[in-house]
Amino acid sequence: MRRKVIAGNWKMNMLPADTINFIEGLASRVKDTESEVILCVPYTDLFYAWHATEGTNIHIGAQNMHWEEKGAYTGEISGQMLKSIGVEYVIIGHSERRQYFAETDETVNKKIKAAFENELKPIVCVGETLEQREAGKTETIITKQVELALEGLTNEQVRNTIIAYEPIWAIGTGKTATSEDANNSIKAIRNKITSIYGDVAQDVIIQYGGSVKSSNAKELFETSDIDGALVGGASLKVDEFEKIVNYNKN
Ligand code: PGA
């Protein structure tokens, strides 16, 4: 039985003081949840987040990393660096990175491998554009992205990869895929993983992302295949994020 994994993606928001306040406010309110709670914070907040989450059940993630260990890559941060300050998860291939920072399926694959080399768990984002959806290509696009992202991984690494299905047209727009649509896309991803890696696909956490909020979380999470969410805007407010984590208690 897969448990829910609920990850906040703060994107380029929040200063260290905001981070500490947020975690202090959230910790006691999510301490009894059965879900895995992750906050993916900006690099400059990671160290503060690590300290603030000590003794809590909140886990820390970064939003990107470079695939090399070290060297002449001005401005980049490696997996080894993230690991050294208590980071456990790392978002890889978010659509904003693919769109604005030239990430490709190939760099995504390299980063996932580097994440595992550094004992970080990747949260790998895939999703179709509105144009692709309207052309009926959703399934082809997302299953190909998943196939290329996971290429060359061992079964055990695949088992430990989190996938976030995030239709690009639903990110930050207030438009959410219907729970049925999102569940079908996620099933297609799981079938693809089964066809390549076998039964391990049943253990892979596949989240939905794109305008998830407290008012739609429950419906999404009660479907057969959606294993939680990657939450952007709604993860910036303690009240809202807490309600998403505790979707089954309210
Ligand atoms: P959103 O962002 O929840 O604000 O739509 C989701 C994401 O980009 O991960």
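Note that ligands are numbered from 1 as they come in the structure, with each ligand's atoms numbered from 1 the same way. The structure displayed is predicted, hence computed values, not measured ones.
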Near H94 (heavy-atom distance under 4.0 Å), the atoms of ligand 1 are 7 (C), 8 (O), 9 (O)

Counting heavy atoms under 4.0 Å, the part of I171 that contacts ligand 1 is both

| With a 4.0 Å cut-off on heavy atoms, is K11 touching ligand 1? | yes

One finds that the ligand 1 atoms under 4.0 Å from a non-hydrogen atom of G210 are 5 (O)

*Is S235 near ligand 1, meaning one of its heavy atoms is under 4.0 Å from it?*
no

Within 4.0 Å of some non-hydrogen atom of G172, the atoms of ligand 1 are 1 (P), 4 (O), 5 (O)

message = For the backbone of E151 and the side chain of N109, can you confirm whether one donor and one acceptor N or O come within less than 3.5 Å of each other?
response = yes

Ligand 1 to S211, heavy atom cutoff 4.0 Å, flagged ligand atoms 1 (P), 3 (O), 5 (O)

Would you say E166 has any N or O atom under 3.5 Å from an N or O of ligand 1, going by distance alone?
yes

query: Salt bridge between K192 and E147, side-chain N to carboxylate O under 4.0 Å?
result: yes

Sorted by chain and residue number, the ring pair (Phe, Tyr, Trp, His ring centres under 6.0 Å) partners of W10 (sequence neighbours excluded) come out as F22

Checklist line | Expected output: side-chain N21 to main-chain D18 donor-acceptor under 3.5 Å | finding: no

The residue among Q99, E103, Q63, K11 that forms side chain to side chain contact (heavy atoms under 4.5 Å, CB included) with H94 is K11

For atom 3 (O) of ligand 1, the closest protein heavy atom turns out to be G232 N, 2.8 Å

Result for side chain to side chain donor-acceptor pair (under 3.5 Å) between W169 and one of E134, E128, Q132 points to E128

Contacts satisfying side chain to side chain donor-acceptor pair (under 3.5 Å) that involve residues 193-207 (not counting sequence neighbours) are R159-D203

Exam field: side chain R97 to backbone N64, donor-acceptor pair closer than 3.5 Å: no

field: Main-chain N/O of N246 paired to R29 side chain as donor or acceptor, under 3.5 Å
entry: no

Checking heavy atoms under 4.0 Å, the part of A170 that sits near ligand 1 is backbone

Checklist line | Within-cut-off N or O pair, V231 and ligand 1, under 3.5 Å | finding: no

Would G209 count as being in polar contact with ligand 1, using the rule that some N or O on each side must be under 3.5 angstrom apart? no

Item to complete: Could you tell me whether some N/O pair between G233 and ligand 1 is separated by less than 3.5 angstrom?
Response: yes

